[in-house]
Amino acid sequence: MIRKRPNDRSSNRQQRSSLWQKCTNLRALKQVHASMVVNGFNSNYSAIRELIFCSAMAISGTIDYAHQVFDHVSEPDNFLWNTMIRGSAQSQSPLNAVLLYTRMENRHARPDGFTFPFVLKACTKLSWVKMGMGIHGKVVRFGFESNTFVRNTLIYFHANCGDLRIASALFDDSAKRDVVPWSALTAGYARRGKLDVARRLFDEMPVKDLVSWNVMITGYAKQGEMESARKLLDEVPKRDVVTWNAMIAGYVLCGSNEQALQMFEEMRSLGEKPDEVTMLSLLSACADIGDLDVGQKIHTALLEMGSGDMSIILGNALIDMYSKCGNIEGALEVFRRMRDKDVSSWNSVIGGLAFHGHSEESVNLFKEMRRLKVRPNEITFVGVLVACSHAGKVEEGRGYFNLMRNVYRIEPNIKHYGCMVDLLGRAGILNEAFEFIEKMEIAPNAIVWRTLLGACRVHGNVELGRRANERLLEMRRDESGDFVLLSNIYASRGEWQGVEEVRKLMDDCGVKKEAGCSLVEADNSALMHFLFDSKPKSR
DNA sequence: CTTTACATCA
């Protein structure tokens, strides 16, 4: 009756390590943590260490939990700092890695040879050149310039988003110019659109490994040069799942979704097993072409493949696929079965329901989300406002708009304003819609005016319609012209990243390159497109 | 505990 006192430490340790193995989701992790607290292991440093390592590194999407635990550790050692920085760097918000690094320095913990590769990775992911330069300075100050790992990561950073000349110089001066920095440099040139230099580096590489081949194939694929990628794929001495994934992602990226699926078939016929990344690309392709059949097959395959729970990222991709294919029940089903969800999961399903006109359910889910204390973000509110707009719930929509500002302190962006104009416009409250645009704290875009114009037409308000049309035409003359000009300047200088940025800017502003005619469709499909399709697919 | 390759949504 009084047996099983925790006096045998080794057996407990044994128990723990097998326990960590079973931690594959957040719930299990929390359970282990709870039992740790109950058994008094909370003060046991090695247990905390494992807990943080699991949530920061091993289980994807649980980094927030790692932060919570980490914040209660009074004297974290370098391993803990490094694990947190590393986990944050590979998470969706790499900014935290940089913040942690700053905190680390402020607390007078000395960064080491592990710290710098992780924080530099974060700077690269963020394309935060200034910060990366600053970290480079720290590397010099703390004397880690000749550390091979640090040096290679510096090359990686400068090659991908910093100064290519610095990257090349670092590489040229390196004592060890092995395949890793060589591939990093190659990848950088490829990513910057300098495929010819990349190819020359690739050809000159004395030793090539699987990764260097994948670098070159990815380089072509990312620039849409799928013929060259395909050619290399046929020459490559050995392929792995990444090789195939790069090809599939490349086809998806340039909109050749059928080719992507074909590649998948080829991959399988040659006996290569697809992984999560493969499935993510394919789901994106299915969502794009609206291929529900293939999407469902992938879903089934995933259920057969997966040992435990669906990862958050895969669940979100499935929800998105079902939603974009018009199968909202499928989306809901996946959502309900997901054990761990994040804001994106909620956003996808709330937005999907709203888009398909299930306003009531959309708003109900939003309420449920709030009950469960999941913090909505600005994307959540786009979905909710669309739902209100479709249902004609003007007062409720206004309420949520205010809730967003006053309770969640989210500044409305152009999409929220678009929703509000649509909401008021549909309800025929045109004067207020017009005033609303005039009072906006940010510049309205063409989509907003076009939405109002459409509403004026539906409600037969000629006077307001004329004024909206004036603004619209003004805007098109000014902005479209400027954007095209700017884009051409970039293009003439070979700065393709600039061209891409301008294109994104044009998308965000709702300006189209085609010369304007003032005709507006009776429905608001242009607005919906603006609100929900963020992917600027290259044609 | 490091470094190079593939990745959903917005």
Side-chain angles (χ1 to χ4, degrees), chain A residues 49 53 56-57 60-61 77-87 89-90 92 112-121 124 144 147-157 159-160 171 176 178-188 190-191 205 208-219 221-222 240-250 252-253 274-287 311-321 323-324 342-349 351-352 377-380 382-383 413 415 508 531-536:
Chain A
R49 216 174 140 100
F53 188 84
M57 294 298 306
S60 68
D77 63 6
N78 266 23
F79 174 82
L80 229 45
W81 281 111
N82 292 343
T83 303
M84 286 305 297
I85 294 175
R86 185 186 180 195
Q90 63 161 37
Q92 283 107 313
D112 58 24
F114 293 95
T115 318
F116 290 115
F118 301 148
V119 70
L120 278 168
K121 184 142 202 166
T124 311
F144 285 97
N147 177 308
T148 308
F149 289 108
V150 175
R151 203 183 173 83
N152 289 348
T153 321
L154 275 172
I155 293 171
Y156 166 77
F157 160 73
N160 275 288
F171 175 72
K176 282 183 70 166
D178 68 5
V179 66
V180 171
W182 209 308
S183 301
L185 194 62
T186 308
R191 188 154 298 178
M205 238 180 266
K208 295 186 186 68
D209 64 4
L210 199 58
V211 176
S212 24
W213 281 91
N214 287 340
V215 161
M216 201 59 233
I217 290 175
T218 303
K222 285 234 169 117
D240 70 351
V241 66
V242 175
T243 323
W244 291 104
N245 288 349
M247 290 298 297
I248 292 172
V252 173
L253 205 67
D275 66 0
E276 186 172 302
V277 177
T278 323
M279 298 319 216
L280 284 171
S281 286
L282 289 175
L283 284 172
S284 172
C286 292
S311 75
I312 294 180
I313 198 170
L314 263 176
N316 292 352
L318 276 170
I319 295 174
D320 181 60
M321 181 279 294
S323 173
K324 290 224 174 103
D342 65 5
V343 222
S344 298
S345 327
W346 289 92
N347 290 351
S348 295
V349 80
N377 62 16
E378 72 263 347
I379 295 148
T380 322
V382 173
N413 65 30
K415 294 193 179 184
D508 291 347
L531 296 180
F532 290 108
D533 295 350
S534 72
K535 215 186 291 182

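Note on naming: letters A, B, ... go to the chains in the order of the sequence lines (proteins, then strands), and numbering restarts at 1 for each one.
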Practice prompt. Please report the C-alpha distance between A:N316 and A:D342 in whole Å, then the side-chain angles of each, then the deciding distance to 0.1 Å, and finally whether the side chain to side chain donor-acceptor pair (under 3.5 Å) criterion is met.
Written response: CA-CA 9 Å; A:N316 292 352; A:D342 65 5; 3.2 Å; yes
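- Separating the CG atom of A:D178 from the C1' atom of B:dT4 is a distance of 9 Å, rounded to the nearest angstrom.
- Here the nucleotide nearest the side chain of A:K121, chosen from B:dT4, B:dT3, B:dT8, is B:dT4.
- In this structure, the side chain of A:S323 does not engage the main chain of A:I319 through any donor-acceptor pair within 3.5 Å.
- Nucleic acid contact for A:L283: none, since no nucleic acid atom lies under 4.0 Å from a heavy atom of the residue.
- If you take CD1 of A:I248 and P of B:dA5, they are 19 Å apart, rounded to a whole angstrom.
- Among the heavy atoms of the strands lying under 4.0 Å from A:T218 are primed sugar atoms or P, OP1, OP2 only; no base atom is included.
- Following rounding to the nearest Å, A:N78 (CG) and B:dT2 (C1') show an atom-to-atom distance of 13 Å.
- Picking from B:dA7, B:dA5, B:dC1 the nucleotide with the shortest atom distance to the side chain of A:F118 gives B:dC1.
- One interatomic measurement links the two molecules: CG of A:D209 to C1' of B:dT4, which rounds to 8 Å at whole-angstrom precision.
- Using the six-membered ring where Trp is involved, A:F144 and A:F116 have ring planes that are tilted, between 30° and 60° apart.
- For A:I155 and B:dA5, the CD1 to P distance is 13 Å, given to the nearest whole Å.
- If you check B:dT8, B:dA7, B:dT3 against the side chain of A:N152, the one that comes closest is B:dT3.
- Picking from B:dT2, B:dT8, B:dC9 the nucleotide with the shortest atom distance to the side chain of A:F149 gives B:dT2.
- In this structure, A:F79 does not count as stacked on the base of B:dC1 under the 5.5 Å centre distance and 30° plane angle limits.
- Using a 4.0 Å heavy-atom cutoff across all strands shown, A:G351 reaches no nucleic acid atom at all.
- The A:S183 side chain lies nearest to B:dT4 when the options are B:dT2, B:dA5, B:dT4.
- For A:K222 and B:dC6, the shortest distance from a side-chain N or O to OP1 or OP2 is below 4.0 Å.
- The separation between A:F171 atom CZ and B:dT4 atom C1' is 11 Å, rounded to whole Å.
- A donor-acceptor pair is defined here as one N or O able to donate and one able to accept, closer than 3.5 Å; such a pair exists between the side chain of A:S348 and the backbone of A:S344.
- Between the side chain of A:N82 and the backbone N or O of A:I85 there is no donor-acceptor pair closer than 3.5 Å.
- Across all strands shown, A:V180 has heavy atoms under 4.0 Å from base atoms, whether or not it also approaches the sugar-phosphate.
- Taking atom CH2 on A:W244 and atom P on B:dA7, their separation rounds to 17 Å, with Å as the unit.
- Contacts of A:S348 with the nucleic acid, taken as non-hydrogen atoms under 4.0 Å apart, are absent.
- Base contact: A:F114 has a heavy atom under 4.0 Å from a base atom.
- A:V343 comes within contact range of no nucleotide atom at all, as no heavy-atom separation falls under 4.0 Å.
- In terms of position along DNA chain B, the nucleotide closest to A:N214 lies nearer the 5' end than the nucleotide closest to the other residue of the pair A:I312 and A:N214.
- We find that CG of A:D240 is positioned 14 Å from P of B:dA7, with the value rounded to whole Å.
- Here A:D275 lies out of heavy-atom contact (under 4.0 Å) with every strand.
- Between B:dC6 and A:R191, a contact under 4.0 Å exists linking OP1 or OP2 to a side-chain N or O.
- Within 4.0 Å of A:N316, counting heavy atoms only, lies at least one base atom of the nucleic acid.
- The minimum heavy-atom distance linking A:P181 with A:I155 is given by the pair CB-CD1, 3.8 Å.
- Checked against B:dT4, B:dT3, B:dA7, the side chain of A:V277 finds its nearest nucleotide in B:dA7.
- Minimum interatomic distance between A:A190 and A:G219 (heavy atoms only, all atoms of both residues): CB-CA, 3.7 Å.
- Set against B:dC9, B:dT3, B:dA10, the side chain of A:S284 has B:dC9 as its closest nucleotide.
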